[in-house]
Q: 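Would you mind keeping the following structure in view while I ask a few things?
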Amino acid sequence: METTLTTELSQIEHTAQTHELLEDFDAIQMARTPEVLRRFVVGAQAIDHPAQGWAQTVLELQIKYDDIRRARINAELIQLEIGELESQGTEKSRLEAKLKCIDVEAQNRAMLGAVREFKSLYAIYKGFEKRYTREELDATQIEYWQNRLTRQAMQDRQSNLLGISAGNLQALREANVSPTALPNVEQSLKLPTGFNIDDVVKTETRFLSTEPAAVRDVQTRYLETGKQRMLIVTLTASVERPTQVPALDRPYRIPTTVEQRFHCIHGMTIDAGYTEAVFQALRDGATHLMCIEDDTFPPLDAIERLLAHDTDIVCGWYPKRQEGPRIGVPIILKNGKRQSLDTPDDSLVELYTAPMGCTLIKMDVFRRIEMPWFVTTAQLTQDSFFSQKARDAGYTLWCDTSIRCEHIDRITNKIYV
């Protein structure tokens, strides 16, 4: 029996040493793959604010950096111990030295995985648009927690509707799997009668004046009935908050019955920035989100005219910033093929993709579409991604081609119309 076991063990060791198994042992070394690190480790934090994703990446890099340095020193210590054991010349010391050699092999494999994780984390780190100081990280905390709690509240609501735990719902979204695509799950989120996001997200009172309490109570009851409340937002590529935002600093004509607030988002990727815009609109208790990009200048009556359509998603028309024939930014579907809307004829046109340069969206759209709403991929822009999800949810996208916006090249200041 002992001879048979010894033979079997020898054959196992021979197989591992002479075949591809040792290469395969090395190949699998990486507890968390690049995709896991990007989606579930860093992405889980970055979804609420890029600064938090950056901080999580740096923390993971710090841990790996220290682990790798400790492992290198530990490997040197083991090698010294092996040398000491081998110098003793006894059978026991020889066997103990062989055990130490196995420890070195195992540790080297673990170090290989750690190095791979470090390289993947460093690639993620280099992908952030900026580094953050301690003061900047502290300054983003309010915004981060507002976004996180808003998202969690919406996930709880959608979790109850779909019958999926909030944790699994978040994991599905981090893995880019639509919860509504699962078997036996409703294809659309039907909200209960009387649902209001205020049930789960407390609306801020920033729109109300600083009047005495009795006056505020009357004012609140009046405004909450049939209210229209709009957040008008512009994203800017500027890392710092700009002192002026020309696209917002214009005398747009907006009905006096519509409460409004202008908001500039800076220092974020474009998809994270639009997600932050939605979160901010939810916190404001807004009924509409009006997006105006910082290189797009709509007519001063554009907002008023978009509101008059009273539809879920509607945008104005503008061309691409390029020489040659005029090419529209909105995308239509014609004869089963995608093409740009190049010839605006002042009509209301159904779109395949609605750009975000001058776009009005009712907030109920975001309550009914599961997150993420905006994602940028190698093939899709954030507005293409949002348009697809909106159409999947049954929404129709419209373009009022009578609303012609100026599209300005930020470098040359040339205007395209």
Q: So, taking the atom named CG in D67 and the one named CD in Q62, what distance separates them when rounded to the nearest 0.5 Å?
A: 10.0 Å
Q: Please list every donor-acceptor pair under 3.5 Å in which a side-chain atom of residues 81-89 meets a protein atom from a residue at least two apart or in another chain.
A:
residue : atom : partner : partner atom : Å
E81     : OE1  : K100    : NZ           : 2.9
S87     : OG   : G83     : O            : 3.4
S87     : OG   : E84     : O            : 2.6

Q: Once rounded to the nearest 0.5 Å, what's the spacing between atom CE of M290 and atom CG of L248?
A: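 Between atom CE of M290 and atom CG of L248 there are 10.0 Å.
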Q: Decide, yes or no, whether a salt bridge links K414 with E406 under the criterion of side-chain N to carboxylate O below 4.0 Å.
A: no
Q: When rounded to the nearest 0.5 angstrom, what distance separates CG in L397 from CD in Q388?
A: 9.5 Å
Q: Can you check whether E35 reaches F40 side chain to side chain, under 4.5 Å on heavy atoms?
A: no
Q: Using a strict threshold of under 4.0 Å (side-chain N to carboxylate O), is an ion pair present between R367 and D364?
A: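 So D364 pairs with R367 through a salt bridge.
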Q: Indicate the atoms forming the closest heavy-atom contact of I270 with L235, along with that distance.
A: O-CD2, 3.5 Å
Q: State, to 0.1 Å, how close V41 and Q56 come at their nearest heavy-atom pair, and which atoms those are.
A: O-CG, 3.6 Å
Q: Would you compute the distance between atom NZ of K337 and atom CD1 of I332 and round it to the nearest 0.5 angstrom?
A: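 Reported to 0.5 Å precision, the distance equals 13.5 Å.
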Q: Give a yes or no on whether the backbone of A27 and the side-chain of D24 come within a donor-acceptor separation of less than 3.5 Å.
A: no
Q: Counting distance only, does the side-chain N/O of H263 pair as donor-acceptor with the main-chain N or O of V233 below 3.5 Å?
A: no
Q: Can you tell me if R94 has over 12 outside heavy atoms packed within less than 6.0 Å of its CZ?
A: yes
Q: Side chains of P355 and H407, heavy atoms from C-beta outward: is any pair under 4.5 Å?
A: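 Result no, sub-4.5 Å side-chain heavy-atom pair not found.
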Q: Check whether any side-chain heavy atom of R109 lies under 4.5 Å from a side-chain heavy atom of E105, and answer yes or no.
A: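 Yes - at least one pair of side-chain heavy atoms lies under 4.5 Å apart.
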Q: Checking D271 side chain against T376 main chain: does a donor-acceptor pair fall under 3.5 Å?
A: yes
Q: Atom CZ of residue position R338 - does it have more than 12 heavy atoms of other residues, nucleotides or ligands inside 6.0 Å?
A: no
Q: Output, in order, the C-alpha distance, side-chain angles, deciding distance and verdict of side chain to side chain contact (heavy atoms under 4.5 Å, CB included) for E350 and L333.
A: CA-CA 9 Å; E350 182 176 344; L333 199 62; over 6 Å; no
Q: Where is the tightest heavy-atom contact between R368 and Y395, given as atom of each residue plus distance?
A: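 Taking every non-hydrogen atom into account, CD-OH, 3.2 Å.
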Q: Can a donor-acceptor pair be found, under 3.5 Å and without considering hydrogens, that links the side chain of R38 to the backbone of I124?
A: no
Q: Would you call K130-E136 a salt bridge at under 4.0 Å N-O?
A: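 Answer for the salt bridge query: yes.
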Q: So, R321 side chain and D295 main chain: donor-acceptor pair closer than 3.5 Å or not?
A: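 No: the side chain of R321 does not pair with the backbone of D295.
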Q: Are any non-hydrogen side-chain atoms of I265 and T234 less than 4.5 angstrom apart?
A: no
Q: Could you tell me if the ring centre of F386 sits under 6.0 Å from that of F366?
A: yes
Q: Are Q228 and H288 packed together at the side-chain level, in the sense that at least one heavy-atom pair is separated by less than 4.5 angstrom?
A: yes
Q: Under a 4.0 Å N-O cut-off, is there an ion pair linking R283 with E143?
A: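 So R283 does not pair with E143 through a salt bridge.
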Q: Should we say atom CZ of R69 is surrounded by more than 12 heavy atoms from elsewhere, each under 6.0 Å from it?
A: yes
Q: For residues C399 and L351, report the shortest heavy-atom separation together with the two atoms involved.
A: CB-CD1, 3.5 Å
Q: Would S387 and S384 count as having a side-chain donor-acceptor pair, cut-off 3.5 Å?
A: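 On atom types as modelled, these side chains do not qualify, holding no pair under 3.5 Å.
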Q: I want to check a possible cation-pi pair here: K126 against F128, using under 6.0 Å from ring centre and within 45° of the ring axis as the test.
A: no
Q: Taking the side chain as every heavy atom from C-beta outward, state whether C291 and Y274 have any atom pair closer than 4.5 Å.
A: yes
Q: Counting only heavy atoms not in L99 (residues, nucleotides, ligands), do more than 12 fall under 6.0 Å from its CG?
A: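 Check passes, neighbour count above 12.
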Q: Any Lys/Arg nitrogen of D284 or R261 sitting under 4.0 Å from an Asp/Glu carboxylate oxygen of the other?
A: yes
Q: Once rounded to the nearest 0.5 Å, what's the spacing between atom CD1 of I47 and atom OH of Y144?
A: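 Spacing of CD1 (I47) from OH (Y144) equals 10.5 Å.
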Q: Has R391 got its NZ or CZ under 6.0 Å from the middle of the six-membered ring of Y352, at an angle within 45 degrees of the ring axis?
A: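 Yes; both conditions hold, so R391 lies above the ring face of Y352.
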Q: Between Q107 and N74, is any side-chain donor less than 3.5 angstrom from a side-chain acceptor?
A: yes
Q: With heavy-atom distances below 4.5 Å as the criterion, would you say the side chains of Y416 and E323 are in contact?
A: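 They are in side-chain contact.
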Q: Which atom names give the shortest non-hydrogen contact between P319 and C405, and what distance separates them?
A: CD-O, 3.9 Å
Q: Taking the side chain as every heavy atom from C-beta outward, state whether V245 and T236 have any atom pair closer than 4.5 Å.
A: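 They are not in side-chain contact.
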Q: Look up atom CD in E276 and atom CE in M268, then write down how far apart they are to the nearest 0.5 Å.
A: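 The CD atom of E276 sits 4.5 Å away from the CE atom of M268.
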Q: Do D48 and Q52 have side-chain atoms, one donor and one acceptor, less than 3.5 Å apart?
A: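 There is no such pair between these side chains.
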Q: Counting only heavy atoms not in Q244, do more than 12 fall under 6.0 Å of its CD?
A: no
